[in-house]
Amino acid sequence: MIGAIDGMEDQFLAFLKSARGIAVIILFFGGSIFVHELGHFLAAKWRGLRVEKFSIGFGPRLFGWRGKGGTDYRISLLPLGGYVSIPELAEMEMIEGKTQMRPNYGDSDKKISYLDRIIVFAAGAFFNVLFAFALAVLLWGVKSSSSEGIDSNVIGYVAKTIETERGKSVTSPAMEAGLREGDRIVAIDGEETPTFDKIITALALGSARTEDGRALATITVERDGSTRDVQVFPCLAAQNPKSGDFMRVIGISPVSNFKIAPKIGMPAYEAGARYGDKWTAITTTKRDADNSEVKSTTPLYSLPQLSDILEENGDNPVEISYERNGVAGVIKVEPIVVAATSEVATLKFTESGQARTLTMIATPEDLEEDAEKAPRDTLRIFAGVPNDSDFAELLVPGSTVDGISFDGGAIKNVKTPKEFSELFGSESAGTFSLFLTKPDGGGANAILTNAVPGLVPEHKMPLLGVHLLSQERLVRKSPWSQFYNALSLTFRSIAVLFNPHSDIGISHLNGIFSIGDTYYEISADIRSVFALTLLININLAILNLLPIPVLDGGHILLATIRKLRRRPISQNTIGYVQTAFFLLFVFFMGYVLVRDFSRVRGSRELAAEAQIQNFAYAPEFLTQAKYPVATDPTAAEDFDEESAAGTASANE
C-alpha cells in the first residue's frame with residue numbers, strides 16, 4: 001500500500017512538473033507572440049484602421065470569437081508565430097486567407113499616410129522591446145542567478161582532452177596553447193571579456209581563421225602581472241548528438257570559490273577540515289633521482305583541477321593550505337583510494353574506415369532505483385556512436401541489451417560487463433548481433449562485423465571527502481545592461497549567420513520545439529524564464545524588422561518604396577512578391593523545424609545518458625553519500641589560531 005502511495009505521489013509530481021512546464025511555455029513564449037501582435041493591433045486601432053483578424057499561429061482557424069468591431073480573434077493551426085490582418089495596409093491572402101474587408105485601394109491610399117504604415121508595422125517590434133525591458137526591470141528587482149566563476153574571467157580548469165563527438169577525442173586546444181589554471185583572459189580577438197560567459201560567447205561566435213582555414217582565436221592573457229597574446233586553435237565540439245550542432249571550444253572552465261564542506265568521517269574532516277574553510281593550495285611530495293623529497297605547491301582554482309592532482313599523486317599524503325576566519329593554516333591529509341568507475345564492456349569495430357567504440361555498463365532494471373544499493377543486473381548501452389554512423393539510430397544510449405550472439409551462434413543473455421568478458425573476452429574479432437530494447441520501448445537489432453570485444457576494468461582514484469559549497473549567488477544587473485547584452489548578442493548572432501568564416505550557420509537556429517523544450521526544463525526557475533523571454537523578445541523585434549517581404553521590415557520597405565515613387569505599387573506585384581517570399585519562408589521554417597526536431601531528439605538522448613551516468617560510478621564510490629556533510633558553520637569556533645599559525649610556519 002505504501003509503495004502504491006509513493007507511486008501515486010511520483011506520478012502527481014511528474015504531472016505538476018509537466019503542467020508547470022506547459023503553462024510556462026504558453027504564458028511566456030505564447031505571450032511574447034501575443035505582445036508582438038498586440039502592438040500591431042493597438043497601433044492600427046489608434047490610427048483608425050480596420051483589423052479583420054488577430055491570430056496566434058498561421059493556417060486554418062482552430063477556435064476563437066468575433067469582437068464588436070468585426071475582428072476575428074483566433075488561434076490557428078500552425079504555431080509558427082502570428083499575425084494581425086489589416087487589409088487596408090497589406091494584401092496577404094497567402095498567409096491570412098481571403099479578406100472580408102477588401103477596401104478600395106485607390107481611396108485607401110488617400111486616407112492612409114506613410115506615417116500610419118510605419119507606426120503600425122513597427123509597433124509589434126516596439127511592444128517586444130517594451131516587454132523585454134519590463135522583464136529586465138523585473139530581473140533587476142528579483143536579482144539574477146550567477147556565480148563567482150561566471151562573473152570572473154579567470155581560468156579554473158584546463159581540460160587535457162575534449163570529446164568532439166561520441167567516440168572521438170582530441171587534445172584540448174587550451175592545453176596545446178599552454179594556457180594554465182589561474183590565467184586571466186582579458187580579451188579575445190581584441191574584444192574585452194570581463195566575465196566567463198562573454199569568453200564562451202566570444203569563442204563560439206568567433207570567425208577568425210588561419211591561411212589554411214583552421215579556426216583561430218587570439219587570446220590576451222594576464223599571467224604573473226604581465227600580459228601576452230596567445231594563439232589558440234579552437235576545435236568544433238558536438239553540442240547535440242542528432243542535430244549536428246557544433247561549436248568552437250578550447251577546453252576551459254571558470255574558477256571556483258574554493259570554500260568546502262567536508263564529509264564527517266572522511267580523510268579531510270579527520271585531518272581537521274571544517275565547514276566554510278577556503279582551500280587555497282595543495283602541496284604534493286615526490287622523490288627525485290637522489291631519493292630526496294621534492295615538494296610542489298599548486299594554487300587551487302577548481303575541483304576538477306584538484307581531482308587531477310590527486311589522481312597523479314595517488315594515495316600519497318598531501319598538504320592543504322586553507323583560510324578560516326581570516327587565519328591561514330595547513331592540514332595534512334592521507335587520501336583513501338576507492339573504485340570510482342564501474343567495469344565497462346566495449347565493442348570496437350570499424351565502419352567506412354572509421355574506428356568506433358560501443359560502451360556498455362551494468363544498471364538496475366529500473367533506472368529510478370538507488371544507484372548505490374540496487375542490484376546492477378541489466379546491461380545497457382552507455383555511450384552511443386557518432387551521429388554519422390549507420391548505427392546511430394540503433395545504438396542509442398540507455399538501450400537495454402537483451403541478448404548477444406557471436407558469429408551466428410546462440411543468443412546469450414548478458415547481464416554485466418564481467419559476464420560479457422567471460423563469454424566473449426577470449427574470442428577473436430567476429431560478427432556480434434545485439435538485440436536491444438530502446439528507451440522508447442521499441443526493439444532494435446544491430447549487427448557489428450569484425451568487432452573486437454573488450455573490458456575496461458574499474459578505475460580507482462584517491463578521495464579526500466569534500467565538496468564545494470554552492471557557487472550560486474544573486475546579483476542585481478541593471479535593466480540597461482541586460483537589455484544591451486541581449487541586443488548585442490542578437491546582432492552578433494545574426495552577423496555570424498552570414499559570415500562565411502563562421503562555424504555558426506542557419507542549421508544552428510532554434511525552432512519552437514527547442515524553445516519549448518528549454519522553457520520546460522527551466523520552468524522551475526522563474527529568473528531563467530525571465531532571462532530567456534527577454535532574449536526571445538529582442539530576437540523577435542530585430543528579426544521582424546529585417547527588410548524581408550512577409551516580415552514587418554519588408555512591409556516598411558514596400559511602404560517606403562511607395563512613398564518614394566509617390567504612387568501605389570501594383571497589388572499584383574505586391575501579391576507576387578509576398579507569395580514568393582511566403583513560400584521561401586515556409587520552406588525555411590520547415591528546414592529549421594526538421595533540424596529542431598532532431599535537436600530535441602538529441603536532447604532526449606543526452607537526458608538518457610545523464611540518467612544512467614550515476615551507474616557508471618562504482619557502488620564503493622557512491623557510498624560516500626553515507627557520510628554526513630558538515631553543515632555547521634560554528635564548527636570554526638573550535639579552531640585554534642595559535643596552533644594553526646604554528647602549523648603554517650612549520651610547513652612554509
Side-chain angles (χ1 to χ4, degrees), residues 17-38 55-59 75-83 124-125 127-129 131-132 134-136 138-139 145 197 201 204-205 239-245 247 482 485-487 489-494 496-497 504-546 551-552 585-586 588-607:
K17 180 180 177 182
S18 299
R20 180 189 65 213
I22 294 170
V24 166
I25 293 169
I26 294 173
L27 183 61
F28 287 93
F29 181 62
S32 298
I33 297 173
F34 173 78
V35 164
H36 182 90
E37 300 308 326
L38 181 64
S55 176
I56 301 299
F58 294 112
I75 301 295
S76 298
L77 179 63
L78 302 176
L80 304 179
Y83 65 89
F127 266 55
N128 283 132
V129 169
F131 188 33
L135 289 169
L138 280 174
L139 271 173
S145 298
D197 55 347
T201 300
L205 300 183
Q239 305 301 301
N240 188 290
K242 290 299 181 185
S243 67
D245 293 343
M247 189 173 75
Q482 296 178 59
N485 289 337
L487 197 65
L489 180 60
T490 301
F491 276 119
R492 290 188 61 188
S493 299
I494 293 174
V496 298
L497 287 176
I504 304 294
I506 300 297
S507 62
H508 287 76
L509 290 175
N510 283 345
I512 189 171
F513 297 129
S514 287
I515 293 172
D517 198 46
T518 302
Y519 266 120
Y520 184 85
E521 292 300 324
I522 67 174
S523 59
D525 183 0
I526 193 62
R527 293 180 176 89
S528 296
V529 171
F530 284 170
L532 177 60
T533 309
L534 188 159
L535 183 60
I536 285 175
N537 276 268
I538 293 296
N539 273 261
L540 283 173
I542 301 303
L543 293 175
N544 269 284
L545 290 178
L546 293 177
L551 300 179
D552 297 332
F585 176 78
V586 170
F588 171 75
M589 289 302 299
Y591 171 77
V592 169
L593 289 178
V594 169
R595 299 281 302 190
D596 201 45
F597 184 68
S598 298
R599 186 175 293 110
V600 171
R601 289 177 59 216
S603 296
R604 295 289 180 265
E605 283 196 13
L606 292 175

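Since the structure is predicted, the reported quantities are computational estimates derived from the model, not experimental observations.
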### Query
Roughly how far, to the nearest 0.5 Å, is CG of L543 from CD1 of I536?
11.5 Å
### Task
List in chain and number order the residues that pass side-chain contact (heavy atoms from CB on, under 4.5 Å) with L27, two or more places apart in sequence or in another chain; answer none if no residue qualifies.
none
### Query
Got I542 and N128 here, is their nearest side-chain heavy-atom distance under 4.5 Å?
no
### Query
Between H508 and D245, is a side chain to side chain donor-acceptor pair (under 3.5 Å) present by the stated rule, with each step listed?
CA-CA 6 Å; H508 287 76; D245 293 343; 4.5 Å; no
### Donor-acceptor contact below 3.5 Å, side chain N539 vs main chain T490
no
### Query
Where is the tightest heavy-atom contact between V129 and A541, given as atom of each residue plus distance?
CG2-CB, 3.9 Å
### Task
Keeping the roles fixed (side chain from D596, backbone from S514), state whether a donor-acceptor pair exists under 3.5 Å.
yes
### Task
Give the minimum heavy-atom separation between S145 and R527, together with the two atoms involved.
OG-CD, 3.7 Å
### Task
Mind checking the CG-CZ spacing from L593 to F588? Nearest 0.5 Å is all I need.
9.5 Å
### Pairwise distance CD(E37) to OH(Y83) - rounded to 0.5 angstrom
9.5 Å
### Task
On the 0 to 90° scale, with breaks at 30° and 60°, tag the Y519-F28 ring pair as parallel, tilted or perpendicular.
parallel
### Query
Would a 4.5 Å heavy-atom cut-off, applied to side chains only, mark L205 and L489 as touching?
yes
### Query
Is a side-chain donor or acceptor of R599 paired with a backbone partner of L509 at a separation under 3.5 angstrom?
yes
### Task
Specify the closest pair of heavy atoms between F29 and I515, including all atoms of both residues, with the distance to one decimal.
CD1-CG2, 3.7 Å
### Task
Drop me the distance from N544's CG to D552's CG, to the nearest 0.5 angstrom.
4.5 Å
### Nearest atoms (heavy-atom pairs only) where I538 meets A132
CD1-CB, 3.8 Å
### Query
By side-chain contact (heavy atoms from CB on, under 4.5 Å), which residues pair with N485, not counting sequence neighbours?
K198
#### Entry: Shortest non-hydrogen contact between S32 and L540, atoms and distance
CB-CD1, 4.0 Å
### Task
Decide yes or no for I504 and S493: does some side-chain heavy atom of the first lie under 4.5 Å from some side-chain heavy atom of the second?
no
### Query
If you round to the nearest 0.5 Å, how far is OG of S523 from CG of L532?
11.5 Å
### Message
Could you measure the distance from the CG atom of D517 to the CZ atom of F597? Nearest 0.5 Å is fine.
### Response
11.5 Å
